[in-house]
Each structure stands twice: as structure tokens, then as C-alpha cells.
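These notes concern the structure reproduced below.
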Amino acid sequence: MNVWLAGARPRTLGAGLVPVVVGAAAADTFILWRFVAAVIVALGLQVGVNFANDFFDGIRGVDTPERLGPRRLVATGAASPRAVLVAALIAIGAAGFAGLALALATEPLLILFVGALALVAAFAYSGGPRPYAGLGLGEVMVFLFFGLMATAGTAFVMDERAPVAAWWCGAVLGLLAVAILVANNLRDIPTDAATGKRTLAVRLGEGRTRTLYRACVVAAFAAIVAGVVVYIIDERAGLTQWGLVGLVAWVLAIRPMDTVGAAAGADLIPVLTGTAALHAATGFLLALGLVLARAT
């Protein structure tokens with residue numbers, strides 16, 4: 001069981017869970033069962049993507065003994081490819097059933113359409129004839145699905161509308177989720193390049209990938225400031241002034257931003273964990289700000 005838990009990569013699950021919390025905080029209505037269903041969708045998709053990536057990269061030989069990071073089940077022989085694929089299908093199936101319940105309770109066609117896109121994106125990341133992770137498009141999809149769609153989508157299933165604040169918060173969380181992926185792919189440049197997996201990091205090279213990481217983090221906090229400025233100009237179009245609470249999390253960005261400049265290989269793992277903590281802290285602070293805005 002510990003092998004399967006490690007294969008699910010629990011440290012990555014915040015990327016899916018935090019946007020759900022923020023989206024629920026942005027909504028005008030909170031419905032417990034819908035929130036639980038949204039959590040199941042987010043975690044099911046995240047775990048499913050992790051297992052699917054393990055399966056496809058394992059059978060294609062992308063994962064090698066030289067690869068750093070969490071243990072891969074297929075590549076290390078800890079589980080058979082078929083078992084890992086079944087685990088991916090079970091996780092994504094659970095997300096699909098929860099998503100179907102949300103669709104039937106809200107706008108079936110819209111939610112089913114978005115859900116279908118998410119399912120395709122989950123498998124196409126590293127599967128199919130041309131995995132988009134190897135086309136340098138992984139960061140774009142992460143921004144869309146783990147940022148905008150996850151946050152605004154959760155707000156929508158709560159009361160069938162997505163407030164503007166949810167989109168602003170989704171952009172912030174999307175940029176930080178991209179930063180997590182960029183740090184991960186920066187660490188894997190040597191092994192990915194050797195096996196022909198041309199992620200955006202491989203295409204950019206180490207120097208520009210480090211710059212991209214810092215740009216994503218800075219842009220995330222700039223989006224908070226921009227959202228508040230727009231709110232001051234027009235309350236209907238921006239993020240509440242309480243969104244400035246999210247800037248407190250910048251303290252957690254200092255060390256990863258500094259470390260990423262020279263770290264390589266295993267030394268980049270603290271950057272990964274630090275960015276994940278930054279993503280979670282920023283998200284929960286934004287959620288707090290949204291709740292305070294409603295209470296005042």
C-alpha cells in the first residue's frame with residue numbers, strides 16, 4: 001500500500017485541492033455535497049494523471065533509473081503497467097462520477113463538456129500518439145485546468161455562476177501551479193532530453209527555464225495586485241481589496257526564488273516543495289480574503 005501511496009504522489013495533490021477551496025470561497029453559496037464532489041473530481045483527476053504519467057512514461061522508457069524525484073511504479077518494477085493503468089482509470093472514473101453528479105445538479109451540457117476536456121487532457125499529457133507534455137504545452141494546460149477551470153469551475157457548481165474574483169484567483173493559482181511544473185521539469189531536463197521527451201524546459205534550456213520559473217511566481221503576485229487595482233476602479237471587474245492578504249505568502253517565495261538560480265538535480269527538490277507550499281499558502285490566504293470580504 002505504501003508503494004501505491006507513493007505512486008499517487010500525495011505531495012502534488014495540493015495543486016488540485018487548493019483551487020477547489022478558493023473557488024468555494026469565491027462563490028456566494030456554499031453547498032457541502034457539491035464541495036465534496038468537487039474535491040473528489042480534483043483529487044481523482046490529479047491522482048489519475050499521476051498514475052497515467054507513470055504508466056505511459058514507464059512503457060515508453062522515458063523514466064530511467066537516473067531519474068530523480070518520486071519513485072515510479074512501472075519504471076522500477078514495483079507494479080505492472082496494467083495495474084498502474086487500472087489505478088489511473090479507477091481514479092479518473094471516480095472523478096467522472098462525481099463530475100456527473102455536479103453536472104446533473106447544475107448545467108449538464110456545460111459541465112460535461114468541460115469534464116470531457118479535463119479527461120482528455122489527463123490522458124493526453126503523456127499518452128496518445130503525440131503527448132502534449134513532449135510538445136512543450138504542459139504548462140499551458142496546467143494553467144487552464146489547475147488554475148482557471150478548477151477555481152472558477154468550483155465557484156460555478158456552487159451557485160451556477162463564476163464571480164470575477166474566482167477568475168482572478170484562478171489566474172494566480174494557475175501561475176503558481178505552472179511554477180511547480182517548471183521546477184519539476186527543470187530538474188528532469190537531463191533525463192527528459194536523453195529519452196527524447198521535449199518538455200518546455202528541454203526546449204528552453206536551463207537558463208531560460210530558471211527565468212520562466214521566477215517570471216511565473218512574480219506574475220502570480222502581480223496578478224493579485226492587478227486584481228485589487230481593477231477592483232478599486234470597478235468593483236464588478238476586479239478582486240476584492242481583501243485579496244491583498246494573499247501577498248503575505250510572498251515570504252515563502254523568497255527561498256525558492258533564490259535557490260532556483262543555481263540549484264540542479266536533487267538540489268532542486270527544495271524548490272519544488274517550497275513552491276508547493278507557496279501555492280497552498282497563497283491559495284488559503286486568498287480564500288481567507290474572500291471570506292473576510294463577504295463578512296465585512
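Below, all heavy atoms of this structure are taken into account, side chains as well, without hydrogens, waters or symmetry copies. The model shown is predicted, which means the values in this text are computed figures rather than measured ones.
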Closest non-hydrogen atom pair, A27 against M158: CB-CB, 3.5 Å
Whether W4 and F51 hold their rings parallel, tilted or perpendicular, with breakpoints at 30° and 60°: perpendicular
Closest contact, heavy atoms only, A220 versus V172: O-CG2, 3.5 Å
Heavy-atom donor-acceptor pair, T191 side chain to D188 backbone, under 3.5 Å: yes
Enclosure of R294 CZ (heavy-atom neighbours >12, cutoff 6.0 Å): yes
Candidate pair T12 and N50, rule side-chain hydrogen bond (donor to acceptor under 3.5 Å, both in side chains), full reasoning: CA-CA 9 Å; T12 69; N50 289 343; 3.0 Å; yes
Side-chain donor/acceptor of R198 to backbone N/O of L135, under 3.5 Å: no
Under 3.5 Å: donor-acceptor pair, side chain of R9, backbone of Q46: no
Neighbour count >12 (heavy atoms, 6.0 Å) for atom CZ, F113: no
Working for side chain to side chain contact (heavy atoms under 4.5 Å, CB included), residues Y213 and V271: CA-CA 10 Å; Y213 170 85; V271 177; 3.8 Å; yes
For A25 against L290, the heavy-atom pair lying closest together: O-CB, 3.8 Å
Contact list for residues 221-275, test ring pair (Phe, Tyr, Trp, His ring centres under 6.0 Å), sequence neighbours left out: F221-W250
Minimum-distance pair of heavy atoms, taken over all atoms of A24 and F35: CB-CD1, 3.7 Å
Lys/Arg-Asp/Glu bridge criterion (N-O < 4.0 Å) met for R161, D28: yes
Closest approach of V202 to K197 (non-hydrogen atoms, all atoms of both residues): CG2-O, 3.5 Å
Exercise: do D57 and S126 side chains pair donor with acceptor under 3.5 Å: no
Short side-chain to backbone donor-acceptor contact, W168 and A237, under 3.5 Å: yes
Pair L176-T282, side chain to side chain contact (heavy atoms under 4.5 Å, CB included): steps then yes or no: CA-CA 9 Å; L176 292 177; T282 304; 3.7 Å; yes
T209 (side chain) donor-acceptor with A201 (main chain) under 3.5 angstrom: yes
Where G48 and I92 come nearest, the two heavy atoms and their spacing: CA-CG1, 3.7 Å
